[in-house]
Amino acid sequence: MSRRQQVLSSYRSLLRATRIAFEGDHRVFTAARQQVRQGYEAGRTELRANPKHYEEVDKRLEHASGVALLLRSNIVQGELQSGNLSKKNMAMMDPGQSSVQSEDGGVYKLRIHKYTELGDNEAVKGGKTNLSGTSKKIRWSN
């Protein structure tokens, strides 16, 4: 696969990940897609200035892959429900939805999708996570 195809593939993957993670939240969805576009435009501008920076492109592709995986598997959005839900109403919620009660008594409906990484604390403590299935570390940059 050529570098151009890799970049386009990672761009599409990030856009799909934002759609999965932020579905139903138009404001955050739009902001996330805008952030992705700006990042790729900045990369394109830098690459045009110095076309031999293949190592930088590889680093950015790896970063984009990690961000897409993180968005798909670890972002769960919650929506504050108006009024308190009874246990009966909570039981009638869709199977893909969960709810949690906050300290102030509000009930949040969580949107857990098929890509959400579910696990127990023991797996996390032992360092066994499904996040890419490798020991590759995701570096956060400002």
Side-chain angles (χ1 to χ4, degrees), residues 1-86 89-142:
M1 185 183 295
S2 73
R3 237 182 250 297
R4 177 179 166 77
Q5 289 173 326
Q6 288 176 332
V7 169
L8 289 174
S9 176
S10 73
Y11 179 72
R12 286 190 301 265
S13 176
L14 267 173
L15 292 180
R16 280 190 297 269
T18 59
R19 186 184 60 225
I20 291 167
F22 305 120
E23 185 177 13
D25 189 347
H26 182 71
R27 185 179 56 83
V28 175
F29 173 70
T30 304
R33 291 176 80 88
Q34 183 179 6
Q35 182 75 26
V36 170
R37 261 187 244 107
Q38 287 174 349
Y40 275 81
E41 285 296 324
R44 183 188 328 201
T45 304
E46 288 177 20
L47 192 59
R48 284 183 180 158
N50 194 352
K52 300 291 183 189
H53 263 237
Y54 295 125
E55 289 178 12
E56 182 65 28
V57 173
D58 290 340
K59 286 179 186 176
R60 286 178 182 243
L61 287 173
E62 186 176 337
H63 178 75
S65 173
V67 170
L69 183 62
L70 190 69
L71 284 173
R72 265 193 312 274
S73 60
N74 293 95
I75 300 295
V76 176
Q77 288 193 301
E79 180 180 1
L80 181 61
Q81 300 297 296
S82 59
N84 287 336
L85 295 176
S86 67
N89 288 343
M90 287 171 56
M92 293 172 48
M93 293 172 71
D94 293 335
Q97 306 288 332
S98 294
S99 64
V100 65
Q101 190 161 0
S102 67
E103 292 177 7
D104 62 354
V107 175
Y108 287 85
K109 183 177 178 183
L110 302 179
R111 196 178 65 78
I112 298 175
H113 47 79
K114 68 179 183 178
Y115 301 104
T116 303
E117 180 182 324
L118 301 174
D120 57 9
N121 287 339
E122 295 305 316
V124 174
K125 287 178 186 175
K128 300 175 186 173
T129 67
N130 288 340
L131 190 58
S132 94
T134 67
S135 61
K136 183 170 42 172
K137 296 188 190 253
I138 298 173
R139 294 183 185 220
W140 298 95
S141 61
N142 293 333

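Rounding to the nearest 0.5 angstrom, the gap separating the CD atom in E23 from the CD atom in Q77 is 9.5 Å. Atom NE2 of H113 is separated from atom CD1 of I75 by 8.5 Å, given to the nearest 0.5 angstrom. Rounded to the nearest 0.5 angstrom, R3 CZ and D58 CG are separated by 4.5 Å.
Legend: residues meeting side-chain hydrogen bond (donor to acceptor under 3.5 Å, both in side chains) with Y40, ordered by chain and number and at least two apart, are S10. Scanning for ring pair (Phe, Tyr, Trp, His ring centres under 6.0 Å) contacts around F22 gives an empty result, with sequence neighbours left out.
By the 4.5 Å heavy-atom criterion applied to side chains, R44 and L47 are not counted as neighbours. Under the 4.5 Å side-chain criterion, counting only non-hydrogen atoms from C-beta, R19 is in contact with F29.
The backbone N or O of E79 sits less than 3.5 Å from a side-chain atom of Q81, completing a donor-acceptor pair. With T45 contributing its side chain and E41 its backbone, the two residues share a donor-acceptor pair below 3.5 Å. In this structure, S73 contributes its side chain and L69 its backbone to a donor-acceptor pair below 3.5 Å. Checked by atom type and distance alone, the side chain of R33 never pairs as donor or acceptor with a backbone atom of L14 at under 3.5 Å.
A salt bridge links R60 to E56: at least one charged side-chain nitrogen sits closer than 4.0 Å to a carboxylate oxygen. E62 has no carboxylate O lying under 4.0 Å from a charged side-chain N of K59, or vice versa, which leaves the two without a salt bridge.
Other residues, nucleotides and ligands place no more than 12 heavy atoms under 6.0 Å from the CD atom of E55. Other residues, nucleotides and ligands contribute at most 12 non-hydrogen atoms within 6.0 Å of the CD atom of Q35.
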Q | side chain to side chain contact (heavy atoms under 4.5 Å, CB included) assessment of S65 paired with Q6 | A | CA-CA 11 Å; S65 173; Q6 288 176 332; over 6 Å; no
(Q) Under the criterion side chain to side chain contact (heavy atoms under 4.5 Å, CB included), I'd like the reasoning laid out for R27 against D25: C-alpha separation, chi angles, the key distance, then a yes or no. (A) CA-CA 6 Å; R27 185 179 56 83; D25 189 347; 4.1 Å; yes
Q: Starting from the C-alpha separation in whole Å, work towards a yes-or-no answer on side chain to side chain contact (heavy atoms under 4.5 Å, CB included) for L71 and I20.
A: CA-CA 8 Å; L71 284 173; I20 291 167; over 6 Å; no
Q) Passes side chain to side chain contact (heavy atoms under 4.5 Å, CB included), L61 versus V7? Steps please. A) CA-CA 7 Å; L61 287 173; V7 169; 4.0 Å; yes
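Taking each heavy atom of L15 and T18 in turn, the nearest pair found is O-OG1, 2.7 Å.
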